[in-house]
Amino acid sequence: MLKIYNTLTRKTEEFQTLEPGKVRMYVCGVTVYNDAHVGHAMSAIVFDIVRRYLEYRGYAVKHVMNYTDVDDKIINRANQLGEDPLKLSARYIADYAADLKSLNVLPATSNPQVSTTMPLIIQFIEGLIQKGHAYAASNGDVYFRVNSDDDYGRLSGRKLEDMQAGARIEIGEQKEHPMDFALWKAAKPGEISWDSPWGKGRPGWHIECSAMNLAELGEQIDIHGGGNDLIFPHHENEIAQSECYTGKEFSRYWIHNGMLQLGGEKMSKSLGNIISIKEFLSKRSSDIMRMLVLNGTYRAPLMFNDETLDAAERNVERLKSALKPASPSAAGLSADTLSASTESATANFTEAMDSDFNTAGAVAALFELSKSINTARDNGATGEQLKPAQETFKQLAGVLGLTLEEKKGSSEDEAQVEALLSERTQARKDKNWKRSDEIRDQLKVMGVTIEDSKDGTTWKWS
RNA sequence: GGCGUCGUGGCCAAGUGGUAAGGCAAGGGUCUGCAAAACCCUCAUUCACGGGUUCAAAUCCCGUCGACGCCUCCA
């Protein structure tokens with residue numbers, strides 16, 4: 001039985017879907033105006049794992065991830081670059097999709113955008129006004145009336161009275177209550193805008209997600225996810241809008257990932273301590289990023305530094321070792337030692353993942369199995385004997401989204417490596433250790449690691 | 001100041017009442033011409049601190065200290 005920690009109730013609860021066998025999941029995506037960073041990667045990977053595991057458990061998952069392509073920051077950036085804001089965001093949407101692909105994150109079932117959801121957003125706001133949950137100000141802004149929602153604050157555990165200290169009404173805003181938030185913002189001169197019953201303008205940040213949820217998944221969903229920095233105000237406001245509009249409970253489970261920590265601080269655009277996904281992937285593999293996430297707890301802060309990354313890299317290498325083929329000279333094992341360990345590893349894997357996606361425990365189960373496979377191979381197991389365990393191993397690693405693929409080089413480089421290796425093999429036959437070690441050093445510089453064994457020499461790019 | 005999450009070995013970290021998973025690093029060993037990889041062994045009587053509940057607590061309760069996140073945009 002799968003259990004999930006629900007931010008809404010602050011408890012770990014049994015997972016039950018609205019509709020048997022089907023999961024409707026909405027995850028807040030990114031605002032597209034510059035390169036995505038490894039913090040975004042963490043979030044994308046966390047929910048990719050959630051999705052993959054739900055599918056492994058037999059659910060049909062409808063996974064929606066939005067793109068915020070209408071926003072102040074996009075407009076500012078577009079002005080700086082002298083580019084059309086929607087062109088700018090289209091560019092970064094393509095860019096982010098490519099980043100996700102290189103991180104082995106499965107594409108969402110759909111990726112709605114604000115700019116193409118405009119009629120529904122307007123309809124949504126009109127509905128809220130009709131029900132008395134929103135009001136239009138004379139300047140063309142529309143605000144959500146927080147006092148009209150008795151439950152306001154229940155996701156973040158705040159009370160309106162407590163929040164007023166920090167709240168301020170900006171100059172030019174015409175709010176009834178300091179915590180009222182914008183559903184629609186009147187256009188400033190020269191800004192991109194859409195026609196509405198309240199004049200030209202554009203949507204506030206939160207309403208888009210409520211509208212897209214409704215459009216893509218209906219009035220009620222099973223899982224709503226995002227970074228824990230979105231709990232307030234974004235998700236709080238989404239709940240308020242959606243529930244006031246439909247009169248029904250919006251999402252049953254709220255899942256929030258913790259923040260990536262760089263030097264003891266959250267990595268974020270505003271702090272400027274950013275490492276982009278592209279920059280990361282130019283130095284390390286996507287499996288290493290994913291292993292870093294798997295090694296931790298998705299809800300807790302994740303330490304991102306050379307030490308934790310090096311450990312993740314070693315972990316990936318260790319897992320890869322389980323997939324090495326049997327020795328060609330293997331005599332075979334007389335007894336089957338692997339099927340029992342395969343079974344127990346699978347059980348441990350599932351048990352861990354069932355406990356609120358305990359990926360660290362799931363990886364530990366993979367290490368167990370990897371050790372059993374390697375021991376069997378060392379003891380002379382044949383390829384046939386290793387195969388079932390290795391297949392299970394690959395399947396479970398795949399549920400976590402690990403590729404366990406070796407790096408690839410160009411064919412010209414490979415030809416050169418092969419030539420050097422055959423020279424080295426001859427040198428070793430001649431017991432010319434000096435030349436043999438020279439070649440090994442030379443290959444090392446080229447980025448090639450070699451391993452000698454009774455059955456010959458194997459190599460890989462490192 | 002308010003709300004929330006959390007403090008487990010050198011590092012990352014699992015474990016929410018029954019006597020401390022796993023990985024990295026470190027040390028020793030098997031194998032190897034030497035390496036590398038793999039495998040074996042060693043590595044927290046103790047879970048921030050102080051009280052309390054219990055036959056029994058890292059796990060529950062109270063307090064203290066500390067870290068991080070949110071309260072403005074943020075995955």
Side-chain angles (χ1 to χ4, degrees), chain A residues 5 7 10 12 27-31 36-47 65 68 71-73 153 155-159 161-168 170 179 205 225-234 236 256-261 264-271 291-292 294-297 299-303 305 307-315 317-322 324 348 352 355 358-368 370-371 373-379 428 431-434 436-437 440-441 444 449-454 457-460 462:
Chain A
Y5 180 85
T7 308
R10 313 270 172 203
T12 303
V27 181
C28 284
V30 293
T31 303
H37 58 73
V38 288
H40 299 117
M42 175 193 180
S43 188
I45 288 169
V46 163
F47 290 100
M65 188 198 75
T68 299
D71 167 89
D72 282 342
K73 290 188 294 295
L155 177 69
S156 56
R158 294 155 205 249
K159 296 186 183 81
E161 308 84 77
D162 296 337
M163 291 189 274
Q164 290 190 39
R168 263 206 338 221
E170 301 282 325
M179 292 310 296
W205 175 33
N228 67 13
D229 53 352
L230 296 181
I231 294 172
F232 190 90
H234 186 54
E236 192 70 71
H256 291 98
N257 64 275
M259 296 291 104
L260 202 66
Q261 298 292 116
E265 272 184 320
K266 168 186 168 183
M267 179 179 293
S268 80
K269 290 173 185 170
S270 49
L271 290 172
M291 182 57 84
L292 186 77
L294 291 169
N295 256 338
T297 314
R299 293 198 276 126
L302 180 66
M303 302 301 159
N305 56 52
E307 205 172 2
T308 58
L309 285 168
D310 286 346
E313 179 159 12
R314 288 287 305 126
N315 287 335
E317 291 306 314
R318 206 172 165 70
L319 290 185
K320 280 185 194 168
S321 73
K324 287 182 186 168
N348 291 342
S355 311
N358 176 0
T359 52
V363 171
L366 288 182
F367 283 124
E368 275 176 50
S370 129
K371 194 166 283 189
I373 292 171
N374 287 334
T375 301
R377 187 195 302 101
D378 285 353
N379 291 338
R428 293 184 72 221
K431 299 204 187 297
N432 183 354
W433 308 127
K434 183 167 174 284
S436 158
D437 290 351
R440 184 166 61 199
D441 291 344
K444 180 91 187 160
T449 306
I450 62 177
E451 294 175 16
D452 295 325
S453 79
K454 291 188 193 74
T457 302
T458 59
W459 67 277
K460 63 179 182 183
S462 55

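Order of the sequence lines sets the chain letters (A, B, ...), proteins ahead of strands, with each chain counted from 1.
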Using a heavy-atom cut-off of under 4.0 Å over every strand shown, decide if [X] touches base, sugar-phosphate, or nothing.
X        : result
A:Lys431 : nothing
A:Leu302 : nothing
A:Gly258 : base
A:Leu292 : nothing
A:Ile231 : nothing
A:His234 : nothing
A:Ser321 : sugar-phosphate
A:Glu368 : nothing
A:Arg10  : sugar-phosphate
A:Gly226 : sugar-phosphate

Name the closest nucleotide to the [X] side chain, picking from [options].
X        : options             : result
A:Lys73  : B:C73, B:G2, B:A75  : B:C73
A:Arg440 : B:A35, B:A13, B:C73 : B:A35
A:Ala364 : B:C6, B:G22, B:A75  : B:G22
A:Thr375 : B:C11, B:A75, B:C39 : B:C39
A:Ala360 : B:A37, B:A21, B:C73 : B:A21
A:Glu451 : B:A75, B:A37, B:U5  : B:A37
A:Thr449 : B:U5, B:A36, B:A75  : B:A36
A:Met259 : B:C73, B:C68, B:A75 : B:A75

Any strand counts, and the cut-off is 3.5 Å on both contacts for Watson-Crick or G-U wobble. Which nucleotide pairs with [N]?
N     : value
B:C70 : B:G2
B:C60 : B:G52
B:G7  : B:C65
B:A38 : B:U30
B:A21 : none
B:C47 : none

Fill in: Whichever of A:Arg377 and A:Ser453 has its nearest RNA chain B nucleotide further upstream toward 5'
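Final value for this comparison: A:Ser453.
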Worksheet item: Starting at the 5' end of RNA chain B, which residue's closest nucleotide do you reach first, A:Gly296 or A:Trp433?
Response: A:Gly296
Please check the phosphate of [N] (OP1 and OP2 only) for any side-chain N or O of [X] closer than 4.0 Å.
X        : N     : result
A:Lys371 : B:C40 : yes
A:Arg314 : B:A25 : yes
A:Arg318 : B:A37 : no
A:Asn358 : B:G15 : yes
A:Lys266 : B:C70 : yes
A:Asn374 : B:C39 : yes

Nearest-angstrom distance, [atom1] atom, [N] to [M]:
N     : M     : atom1 : value
B:C65 : B:C49 : P     : 16 Å
B:G17 : B:G7  : P     : 16 Å
B:G10 : B:G69 : C1'   : 27 Å
B:A57 : B:C3  : P     : 32 Å
B:A56 : B:C68 : C1'   : 33 Å
B:G28 : B:G51 : P     : 42 Å
B:A20 : B:A75 : C1'   : 34 Å
B:A48 : B:A44 : C1'   : 15 Å

When the distance from [atom1] of [X] to [atom2] of [N] is rounded to whole Å, what number comes out?
X        : N     : atom1 : atom2 : value
A:Gln261 : B:C11 : CD    : C1'   : 16 Å
A:Asn228 : B:C6  : CG    : P     : 11 Å
A:Met42  : B:G69 : CE    : C1'   : 12 Å
A:Asn295 : B:C12 : CG    : P     : 12 Å
A:Asn379 : B:C31 : CG    : C1'   : 13 Å
A:Leu230 : B:U72 : CG    : P     : 14 Å
A:Leu319 : B:G22 : CG    : P     : 15 Å
A:Met303 : B:A67 : CE    : P     : 13 Å

Discussion item. Under the criterion side-chain hydrogen bond (donor to acceptor under 3.5 Å, both in side chains), I'd like the reasoning laid out for A:Asn305 against A:Thr308: C-alpha separation, chi angles, the key distance, then a yes or no.
Written reply: CA-CA 6 Å; A:Asn305 56 52; A:Thr308 58; 3.3 Å; yes
Using only modelled atom types and a 3.5 angstrom limit, is any donor from either the side chain of [X] or the base of [N] paired with an acceptor on the other?
X        : N     : value
A:Ser436 : B:G33 : yes
A:Asp452 : B:C34 : yes
A:Asp437 : B:G33 : yes

So, for [X] and [Y], which heavy atoms are closest and what is the spacing to 0.1 Å?
X        : Y        : result
A:Gln261 : A:Pro301 : CG-CB, 3.6 Å
A:Arg10  : A:Tyr5   : CA-OH, 3.3 Å
A:Gly258 : A:Asn228 : CA-ND2, 3.6 Å

Discussion item. One pair to check against salt bridge (charged side-chain N to carboxylate O under 4.0 Å, His left out): A:Glu368 and A:Lys371. What are the steps and the verdict?
Written reply: CA-CA 5 Å; A:Glu368 275 176 50; A:Lys371 194 166 283 189; over 6 Å; no
Practice prompt. Measure the spacing between OG of A:Ser43 and CE of A:Met259 and express it to the nearest 0.5 Å.
Written response: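 With rounding to 0.5 Å, OG (A:Ser43) is 7.0 Å from CE (A:Met259).
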Worksheet item: How many angstroms lie between atom CZ of A:Arg314 and atom CE of A:Met291, to the nearest 0.5 angstrom?
Response: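 Reported to 0.5 Å precision, the distance equals 11.5 Å.
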Practice prompt. Please lay out, stage by stage, how A:Lys444 and A:Asp441 fare under the test salt bridge (charged side-chain N to carboxylate O under 4.0 Å, His left out).
Written response: CA-CA 5 Å; A:Lys444 180 91 187 160; A:Asp441 291 344; over 6 Å; no
